[in-house]
Amino acid sequence: AQTVTQSQPEMSVQEAETVTLSCTYDTSESDYYLFWYKQPPSRQMILVIRQEAYKQQNATENRFSVNFQKAAKSFSLKISDSQLGDAAMYFCAYRTSNTGNQFYFGTGTSLTVIP
Amino acid sequence: EAGVAQSPRYKIIEKRQSVAFWCNPISGHATLYWYQQILGQGPKLLIQFQNNGVVDDSQLPKDRFSAERLKGVDSTLKIQPAKLEDSAVYLCASSLWGGVGEAFFGQGTRLTVV
């Protein structure tokens, strides 16, 4: 099974600053999908951004962008102009492209935004 | 569109009792997932359905956990009997089959076993 590793259990950032959350994964597949999910205290997981492995261009969604390094199996999330509402747990997830459609999640990074 | 619905939001039971959780996925989503999320950890897949068939239940403790998906729509997850270590948030998610679709999550059920 694929494994997803988030090596930063906790991160903090000053409001309006930029922070990068790290994620690495292990796979033998060449085609797959990667996601970052946000989980606020309300518990509901919300999609932040997605990346298809066959695309070389890094995905961007407003203040959120990724640095996808396929050869290094790295998928980091950059949050620019951090806001108080960004405080949450962030999970990196890998989805297989085969018929299984399985999702694999990392252990999460707790992000604190300091006013 | 309506999101993934789960109930109840909270449940407290004594060990050895039974409990059931309900999930209604987004309309048209063929794939349904049940995850267990222990405090401070990432979600762990318990079972995955494709329509009403099981795709993966390799991490489901089958001696005490069971799940079904009636008519390929709603799903229930049952624990009987519950143990203290079952205290966790149980998340239901659904997705379209194939493509680049993400998983959409419900708000989860927080189970406390005392």
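Convention: sequence-line order gives letters A, B, ...; per-chain numbering from 1.
- Cluster annotation: W34(B) is not connected to F105(A) through the hydrophobic network of ILVMFWY side chains, with a link wherever side-chain heavy atoms come within less than 4.5 Å.
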Quiz prompt | Full working for side chain to side chain contact (heavy atoms under 4.5 Å, CB included) between V89(B) and Q39(A) | solution = CA-CA 12 Å; V89(B) 174; Q39(A) 187 179 42; 5.7 Å; no

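- The environment of K62(B) atom NZ is dense: over 12 non-hydrogen atoms of other residues, nucleotides or ligands sit within 6.0 angstrom.
- Put simply, CG on L45(B) and OH on Y104(A) are 8.0 Å apart, with the number rounded to the nearest 0.5 Å.
- Grouping the Ile, Leu, Val, Met, Phe, Trp and Tyr side chains by contacts below 4.5 angstrom, directly or via other members, places I79(A) with F68(A).
- With a 4.5 Å cut-off on side-chain heavy atoms, R95(A) and S95(B) do not count as touching.
- The local environment of NZ in K78(A) is sparse, with at most 12 non-hydrogen atoms from other residues, nucleotides or ligands closer than 6.0 Å.
- Interatomic distance, CE of M89(A) versus CD of Q41(B), reported as 10.0 Å (0.5 Å rounding).
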Practice problem: Under the side chain to side chain contact (heavy atoms under 4.5 Å, CB included) rule, what do F104(B) and Q44(A) come out as? Steps first, then yes or no, please. | Solution: CA-CA 9 Å; F104(B) 292 82; Q44(A) 186 156 18; over 6 Å; no

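- With a threshold of 4.5 angstrom between heavy atoms, Y37(A) approaches chain B through side-chain atoms but not through N, CA, C or O.
- For chain A, no part of Q50(B) is nearby; none of its heavy atoms comes within less than 4.5 Å.
- For L84(B), the CG atom sits in a packed shell: over 12 heavy atoms of surrounding residues, nucleotides or ligands are nearer than 6.0 Å.
- Counted within 6.0 Å of NZ on K44(B), heavy atoms from surrounding residues, nucleotides or ligands total more than 12; the atom is thus considered enclosed.
- Within the model, atoms CD of Q102(A) and OG1 of T31(B) stand 9.5 Å from one another, a figure rounded to the nearest 0.5 Å.
- Two different hydrophobic clusters hold L39(B) and V19(B) under the rule that ILVMFWY side chains link at heavy-atom gaps under 4.5 Å.
- F103(A) has its ring centre no less than 6.0 Å from the ring centre of Y35(B).
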Practice problem: Just do the side chain to side chain contact (heavy atoms under 4.5 Å, CB included) check on Y33(A) and E102(B) with the steps written out, would you? | Solution: CA-CA 9 Å; Y33(A) 309 99; E102(B) 73 267 28; over 6 Å; no

